[in-house]
Participant: 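Dumping the structure here so I can ask a few things about it.
The figures that follow rest on heavy atoms only: side chains count, while hydrogens, waters and symmetry mates do not. Residue numbers begin at 1 in each chain, while the letters A, B, ... track the order of the sequences.
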Amino acid sequence: MSTDTKTTSLTDSQQEAVEHKNGPLLVLAGPGSGKTTVVTRRIANLIASGVPPWQILALTFTNKAAQEMRNRVFTLLEQDSLHAQGLTVSTFHAFCARVLRDWGERVIGTTTFTIYDSADQRSAVKAAIKACNLNDSNWRPASVLAAISNAKNKLIDVDTFEKEASDFYTKSIAKMYRTYDDILRSNDAVDFDDLLLQTARLLERDGEARQHLEDRYQYVMIDEYQDTNHTQFVIANKIAANHRNICVVGDPDQSVYAWRGADISNILDFEEHYGEGTVIPLGRNFRSTGHLVKVAATLIEHNKQRKEKKLFTELEDGNEPTIVTLENEHEEAESIVREVTRLQNEGVLLKEMSVLYRVNALSRVLEDTFRKAGIPHVVARGTAFYDRKEIKQAISYLRLLVNPKDDVAFVRVINTPTRGIGSTSISRLEHLALSHGMSLLGASSKVSKEQGFTARAANAMKKFSETFRQWQIDGRSEESLTAASSLADLVERVVRESGLEEFYSTGSGEDDLERLQNLGELVSAATEFEERFEAENEDSSPYTPLHLLFAFLENVALVSDADAVDPENGAVTLMTLHASKGLEFDFIAIAGLEEGLLPHERAKHDDSQMEEERRLCYVGITRARKHLFLTHAKRRTQRGVSNRTMQSRFIQEMTGVSITKSPAIEPWDVPDVVPEESGDQTVTVGSLVRHKRFGLGKVQRIIRRTRGSTITIEFRGGVKHLVLEYAKLELVSPDHNNSVEF
DNA sequence: AACTGTAAACTTTTT
DNA sequence: GTTTACAGTT
């Protein structure tokens with residue numbers, strides 16, 4: 001809630017939570033109950049009552065949540081002209097990364113580790129499966145990884161896992177778990193789960209580290225406590241073991257991450273864990289109008305494994321939620337776009353509207369429809385930029401620069417762009433590195449023809465390692481310490497001297513120009529990061545470019561989709577239900593309320609998973625302040641095939657409260673928001689057409705078939721042969737001979 | 001070694 | 001409908 005100031009009045013329970021100082025405290029905060037207000041005011045209150053800010057640790061799940069909390073505490077404190085110097089507000093993962101930067105030597109043997117993303121994890125686990133001589137068609141990387149991740153979330157390290165393994169399956173996993181971890185260790189790398197697991201192990205095993213951290217953080221706060229896993233519980237619990245000043249905030253009804261190892265008993269058993277703890281329920285909803293609160297409450301009451309909790313509001317009844325049945329996903333998207341337009345005319349701002357869905361795959365049709373209608377929109381995908389091929393390549397160069405032991409990064413870049421080093425040369429190098437106990441980059445400087453390398457490969461490898469040596473020397477140089485943009489300079493230099501820039505500027509590929517621009521954007525991102533970093537660390541000693549690069553890469557590794565939600569831009573936000581947790585909008589549309597989608601197919605045969613789906617729906621509904629628009633389509637095309645659907649059981653469960661069911665839209669009722677591009681338009685030889693990716697082009701030739709007609713078009717970047725039905729061409733100027741229908 | 005085209009798997013949700 | 005893996009070709 002943006003209206004938060006020190007003078008806003010609080011309810012008695014809110015007040016009690018804010019003033020609670022010592023001892024364990026659980027705040028059971030229903031949706032819209034002013035949770036963030038309570039947490040931020042409590043922090044401000046602690047500081048005002050004399051607690052030094054650096055003794056306070058507040059943990060969240062996303063960077064965005066951390067940032068918002070930090071900002072609001074700062075705002076509160078400024079009015080009292082106090083300082084928040086040293087206050088730690090961070091995500092669990094970023095906090096653990098920082099702890100391991102200080103103490104990592106004792107658990108993982110290094111403090112300068114690289115954080116592996118899911119693609120890196122995949123490479124590592126594939127290597128592990130191979131090293132264990134197991135068949136990788138029986139052992140799919142994804143499921144092995146899931147098993148390992150599961151163990152790590154439950155604080156089961158390799159040794160423990162091995163001891164407990166009894167059957168063939170578990171023993172095989174144990175073997176791969178060990179090999180996988182060995183690979184990570186020899187590469188000086190950790191995965192996401194390791195950040196938590198290794199921190200927990202540190203706290204359990206190392207008295208000195210534990211002492212240091214519990215002395216430093218006298219007050220611990222955890223947001224979204226229902227989403228913590230066992231490992232996170234142990235981390236918080238160890239830090240707070242002695243002073244017991246732990247305050248957790250959460251709502252069991254909003255627990256939607258059990259699939260990722262979140263352990264709901266953490267919040268349910270809080271009172272058992274901390275005998276004399278205080279529990280404060282916040283049930284009054286300040287966010288949503290009456291009808292919406294009622295629908296949400298009615299739905300969640302269908303969950304059986306649930307602590308009964310009253311959810312109520314004193315706001316007016318407001319609008320009734322609308323449920324609409326549509327023929328297919330295109331009509332669905334159109335109906336949402338129309339509703340957005342209608343509300344926009346009523347004065348609701350686009351940035352106060354959001355469209356939610358169960359799976360990312362649903363975003364495509366919605367996106368297309370919004371684009372065609374010309375309505376500003378953003379898809380919340382913070383990770384998308386860093387998933388791009390060219391960005392991954394550049395990042396791999398940078399990672400190898402700060403961590404020469406990162407063999408996964410080495411393999412990714414040694415021959416991109418191509419330098420005449422193929423798979424045989426690489427496996428030869430791998431053997432060489434293994435027998436000398438060296439990293440691949442280290443070994444690459446030592447190759448010679450005598451070891452069986454071709455002259456071309458040997459020279460290319462030597463040149464490659466020499467480039468890195470030079471970057472390292474310059475990255476450590478004291479000279480650039482005072483330079484205003486040392487990090488951006490370094491990134492730019494790596495992009496250039498790695499050959500990536502040249503590769504994409506001279507390449508013949510159609511999206512090369514875009515890729516080149518993205519590389520430019522990476523440099524801008526580095527500049528931005530550098531400015532922010534320096535503003536936040538003003539009084540620290542100057543950093544070398546390599547130090548900055550280290551921090552930049554850590555930042556890149558820990559971005560999430562939810563971080564991309566920017567309330568400042570005037571656009572409708574499209575995102576998954578999961579990503580919407582913790583946010584609120586005037587208008588919420590939820591698409592795809594169908595069996596198999598919401599609830600998802602995989603939850604159908606498991607009661608507790610089904611309840612999680614219901615909670616997910618509940619989370620979505622409770623994001624809305626004033627308008628709720630629920631849709632389902634009778635047919636939906638997924639993976640290229642159209643299927644009949646059944647409406648979600650959740651729709652039935654919500655009836656009994658006021659709901660407006662709009663009839664399906666009749667064909668003649670479809671407004672002109674979405675002009676069909678094809679229709680009766682024709683493309684002919686000589687026509688000017690526009691293609692989404694290739695741009696403008698001239699039609700040279702058309703080969704007609706009943707299905708799959710091919711069309712030859714001359715674009716600026718070259719001649720292309722496309723299948724007419726799929727090309728999604730836009731006619732720019734028609735020509736009237738030899739016409740062909742779309 | 002590098003490039004090209006086709007088969008197959010894929011989709012739940014994410015730090 | 002998209003991405004990745006692999007096989008075949010130059």
Participant: Please state whether the phosphate of C:dT4, meaning OP1 or OP2, lies under 4.0 angstrom from any side-chain nitrogen or oxygen of A:K126.
Facilitator: no
Participant: Taking side-chain hydrogen bond (donor to acceptor under 3.5 Å, both in side chains) as the test, write out the residues that go with A:S448, two or more places apart.
Facilitator: A:E450, A:Q451
Participant: Distance check needed: B:dT14 P versus A:D191 CG, whole Å only.
Facilitator: 18 Å
Participant: Using whole Å, report how far NE2 of A:H578 lies from P of B:dT11.
Facilitator: 16 Å
Participant: If I take atom CD in residue A:Q254 and atom C1' in nucleotide B:dT14, what distance separates them, rounded to the nearest angstrom?
Facilitator: 17 Å
Participant: Taking any heavy-atom pair under 4.0 Å as a contact, classify A:S118: base, sugar-phosphate, or nothing.
Facilitator: nothing
Participant: Between C1' on B:dT13 and NE2 on A:H600, what's the gap in Å once rounded to a whole number?
Facilitator: 8 Å
Participant: Please list, chain by chain and in numerical order, all residues satisfying side-chain contact (heavy atoms from CB on, under 4.5 Å) with A:S642, sequence neighbours excluded.
Facilitator: A:R635, A:T637
Participant: Any side-chain N or O of A:R456 under 4.0 Å from OP1/OP2 of B:dA2?
Facilitator: no
Participant: Take A:F464 and A:F410, measure what ring pair (Phe, Tyr, Trp, His ring centres under 6.0 Å) needs, and give me the verdict at the end.
Facilitator: CA-CA 10 Å; A:F464 182 81; A:F410 180 92; 5.6 Å; yes
Participant: Just to verify, what does A:R456 make a side-chain hydrogen bond (donor to acceptor under 3.5 Å, both in side chains) with, not counting sequence neighbours?
Facilitator: none
Participant: Quick check on B:dT14: is either OP1 or OP2 less than 4.0 Å from any side-chain nitrogen or oxygen of A:S560?
Facilitator: no
Participant: Is the shortest distance from a Lys or Arg side-chain nitrogen in A:D253 or A:R615 to a carboxylate oxygen in the other one below 4.0 Å?
Facilitator: no
Participant: Provide a list of protein-nucleic acid N or O atom pairs under 3.5 angstrom, restricted to nucleotides 3-10 of chain B.
Facilitator:
from   : atom 1 : to     : atom 2 : distance (Å)
B:dC10 : OP1    : A:R140 : NE     : 3.0

Participant: Would you tell me if any nitrogen or oxygen in the side chain of A:T637 comes within less than 4.0 Å of OP1 or OP2 on C:dG1?
Facilitator: no
Participant: For A:F192 and B:dT13, what is the distance between atoms CZ and P respectively, to the nearest whole Å?
Facilitator: 15 Å
Participant: With heavy atoms under 4.0 Å as the rule, sort A:R122 into base, sugar-phosphate or nothing.
Facilitator: sugar-phosphate
Participant: Out of B:dT14, B:dA1, C:dG1, which nucleotide sits closest to the side chain of A:Y257?
Facilitator: B:dT14
Participant: What is the distance, to the nearest angstrom, from the CG atom on A:L197 to the P atom on B:dT15?
Facilitator: 19 Å
Participant: For DNA chain B, what are the stems built from at least three Watson-Crick or G-U pairs in a row, each pair having both distances below 3.5 Å?
Facilitator: B:1-10 with C:1-10
Participant: Please tell me if A:N415 has a side-chain N or O lying less than 4.0 Å from either OP1 or OP2 of B:dA1.
Facilitator: no
Participant: According to the 5.5 Å centroid and 30° plane-angle thresholds, does A:W259 stack upon the nucleobase of B:dT13?
Facilitator: yes
Participant: The criterion is side-chain hydrogen bond (donor to acceptor under 3.5 Å, both in side chains); which residues satisfy it with A:Q226, sequence neighbours excluded?
Facilitator: A:E224
Participant: Using atom P of each nucleotide, how far apart are B:dT11 and C:dC6 to the nearest Å?
Facilitator: 16 Å
Participant: Nearest-Å distance, NZ (A:K581) to C1' (B:dT15)?
Facilitator: 12 Å
Participant: Give a yes/no answer on whether the side chain of A:N360 brings an N or O atom under 4.0 Å of OP1 or OP2 in B:dT14.
Facilitator: yes
Participant: Using the test side-chain contact (heavy atoms from CB on, under 4.5 Å), find all partners of A:D193 that sit at least two apart in sequence or belong to another chain.
Facilitator: A:S149, A:K152, A:N153, A:D191
Participant: Pairs in or reaching into residues 591-605 of chain A: which pass side chain to side chain donor-acceptor pair (under 3.5 Å), with residues at least two apart or in two chains?
Facilitator: A:E594-A:R636, A:E595-A:R649
Participant: Assert yes or no for the condition that the ring centre distance of A:F192 to A:F92 is strictly below 6.0 Å.
Facilitator: no
Participant: Counting only side-chain heavy atoms from C-beta out, which of B:dT14, B:dT15, C:dT2 sits nearest to A:T62?
Facilitator: B:dT15
Participant: Go through the structure and list residues passing side-chain hydrogen bond (donor to acceptor under 3.5 Å, both in side chains) with A:T631, not counting sequence neighbours.
Facilitator: A:E332
Participant: Could you state the atom-to-atom distance from NZ of A:K604 to P of B:dT11 in whole Å?
Facilitator: 19 Å
